[in-house]
Amino acid sequence: MIRNRSLVVAVWVLLALFGFYANANINSLLTTSISVPDSQSAKADEVIKSAFGETTEGAFSVFYQYNKKLPKSEVAALQERINQAVATLPELKIAQNRALNGVIYANIQSSLNLQKAAELTPKLRQALKAAGLSNIKVSGPPAIKYDVSPVLASDLQRGQLIAIFIALIFLFITLRSIWSILIPIIVAITTISTSIGIIYLLAHKMLMVLYIPNIVELIGLGLAIDYSLLMVHRFKLDGDIKKTQRTILISGSTVAIALSTLILVPVPFIRALGIAGMVVPLVAMAAATTLQPALLSYLGTEGVKPHFATDKFRKVGEFVVAKPIPVLLFSLALIALPASQLANLKVTPSSISAIPANLESAQAIKIATDRAGDGIISPIQVVIQLPEAIDVNMARAKLAGEMASHKDVFAVATDRTYVDNTGKVLRIFVISKKDLGASQELVSFLRTLRGDFPPGTKVYIGGAPAQGSDLINQIKKTFPIIALFAIFLSFLLLRRFLQSLLIPIKAILLDLISIAAAVGTVVFFMSHGIGVYELDQIEIWTLLFIFAVLFGLSMDYEVFIVSRIRESYLVNKDNNQAVIDGLANTGGVVTTAAIIMVGALTGFLTGHFAGLQELGIGLVAGIAIDATIIRLLLLPATMVLLGKWNWSHPRFRGE
């Protein structure tokens, strides 16, 4: 890297420039789809698209409040204005137009994907206002995407500024040199832009999620600076960065492995998060082991003046070595407090109502939910596919009655117009009283009903609530297997690298304890609305991502510390002294890196979206707990108690 440093720097500059271009153009390729392939809801969507030319993600919901005392004729006139306004846009058509409890609700369908439909949002709003409906509100997935995209961009910009400001402060305190501060920042910017560039290319071929740029940029900043600090520390210590390069390769691999397991979840939404998450540590690892040495060679060892409070962390090590059992019990008691909140954990596929209140799409949701219940914004669609075109009006009416009997149903809409041109496909709209996440019981109930239709009839339950139910069921079914797979791969990697059997097992147990405390913290903050939305359900994708990121980062910090403990042990064969030396040499690096990572992730907390707030709380809490209670107290205490057994390394057949 140093011999070819000019070439190395030039290549990374080109990658970064492409990343800047990609970042400016990636939004049009992102979606919020939670569809689960081969599920019943996906099959329902396929039939709806084929029979009616409509897509779930391309549907608008329009709401207009009126005085309940208005005569029916005037209400009908208002409904006709909506019909006329929608008719001016050939891409759209009215699927429902009903007056419910003082609110006119129109479900407007299209055959467009989310991005194309979102582009129609201002035209639809303008057409409705031109029809004299000045107070009408437009929502639905396309309108929400149109409204939230600039807010997400603003949140990201603000999060970046906060993260960079905090990073600069602690980098200056630690590195004490303007020039050496610039290197981690350059590496971080290069990592982020290159990651975005790769994801931009992937987004042309596969689904990518709307939140991905926010996730990549904030996690990428923290991770890249983490690796840069470790490299700078070792470079100043002895000028030999080869061992650090090896440590970073192992650390980055554990993070990438943890995130890559999300790819195994057979849901495009989750796979996209896994792929994007995996790209970041791989690029950070590549930049830290190639670009960073090249830049450091320009600076020289005299230009690097890091301060990591070695003496203070040596005293921490000495204290833990002197009192391992009290430290162990005290640490476990501290972690038990947030972990106990797991008993209150409830999940949802999406918090659709938790968006900024000033947006028109949010105002529409409030109108609907205040008058008709949370479920009106995303109705359930019951699709009935007949073997032949026959009159089934009696059977359909009976089925609608059975559906309406459920306690969670607000209204059931069934009409002769809800039939396709062939007469073989008909549908029923079911509006739940509850929101997307709380409609799972209703979806399950609807799927037990078959009606008195002729043999060969197929009944599918679709719509966003059914998609959400399928998403949660699929994740619950596959995640335990995937988590075990991630644990097994990490165990093999750490066992090989650390030459120990017990240390990887202990590392995995400590990781799981840390993750449990982090998720418990999310539940506590969200359920009480402490500085964030007050919600009693957590978006399930955030739990998966919190697990994957924290599992990887915890292993990251484990490798940083234990690798140095092992170096000391190999020299003097004294386990307790090795623990003290390891904490003294790496405690400051890990703590500083964790502070900067926490600073970077606070950008999520300042945002306007529940899912990102949940992600931010979980990651901030997890990293803070892991870098302090776990790595500075529990880790050394357990290593002291295990003694020489730490370094037991039995060989299995075939090794």
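Since the model is a prediction, treat every value here as computed from it, not as a measurement.
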Task: Partners passing side-chain hydrogen bond (donor to acceptor under 3.5 Å, both in side chains) against Gln537 (at least two apart in sequence or in another chain) - done: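 In terms of side-chain hydrogen bond (donor to acceptor under 3.5 Å, both in side chains), with neighbours along the sequence ignored, Gln537 is linked to no residue.
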
Open item on the list: Tell me if the aromatic rings of Tyr533 and Phe609 count as close, with their centers under 6.0 Å from one another.
Closed with: no

Task: Lys/Arg N to Asp/Glu carboxylate O, Glu57 vs Lys145, below 4.0 Å - done: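 Between Lys145 and Glu57 there is no salt bridge, as every charged N stays at least 4.0 Å from the carboxylate O atoms.
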
Atom of [X], atom of [Y] and distance for their closest heavy-atom approach:
X	Y	value
Val267	Pro37	CA-CD, 4.4 Å
Leu282	Ala256	CD2-CB, 3.8 Å
Leu605	Gly616	CD2-C, 3.6 Å

Please list every donor-acceptor pair under 3.5 Å in which a side-chain atom of residues 328-337 meets a protein atom from a residue at least two apart or in another chain.
{"unit_1": "Ser331", "atom_1": "OG", "unit_2": "Val327", "atom_2": "O", "d": "2.7"}

Open item on the list: Go through it in stages, so that I can follow the logic: the residues are Lys476 and Asp470, the test is salt bridge (Lys or Arg N to Asp or Glu O under 4.0 Å), and I'd like the CA-CA distance, side-chain angles, deciding distance and then a yes or no.
Closed with: CA-CA 10 Å; Lys476 286 181 177 179; Asp470 289 336; over 6 Å; no

- [ ] Check side-chain contact (heavy atoms from CB on, under 4.5 Å) between Pro266 and all other residues, then give those that pass, not counting sequence neighbours.
- [x] Arg271, Gln474, Thr478

Task: Sequence neighbours excluded, every pair satisfying salt bridge (charged side-chain N to carboxylate O under 4.0 Å, His left out) that has a member inside residues 151-163 - done: Asp155-Arg158

Task: Partner set under ring pair (Phe, Tyr, Trp, His ring centres under 6.0 Å) for Phe170, not counting sequence neighbours - done: none

Open item on the list: If the condition is ring pair (Phe, Tyr, Trp, His ring centres under 6.0 Å), which residues does Trp12 pass it with, not counting sequence neighbours?
Closed with: none

Open item on the list: Quiz question: by atom type and distance under 3.5 Å, do the side chains of Thr348 and Glu539 form a donor-acceptor pair?
Closed with: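 No pair is found: no donor N or O on one side chain lies under 3.5 Å from an acceptor on the other.
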
Task: Thr591 side chain to Gly588 backbone, donor-acceptor under 3.5 Å - done: no

Task: Donor-acceptor pair, side chain of Asn646 and main chain of Met639, under 3.5 angstrom - done: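 Here the side-chain-to-backbone pair exists.
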
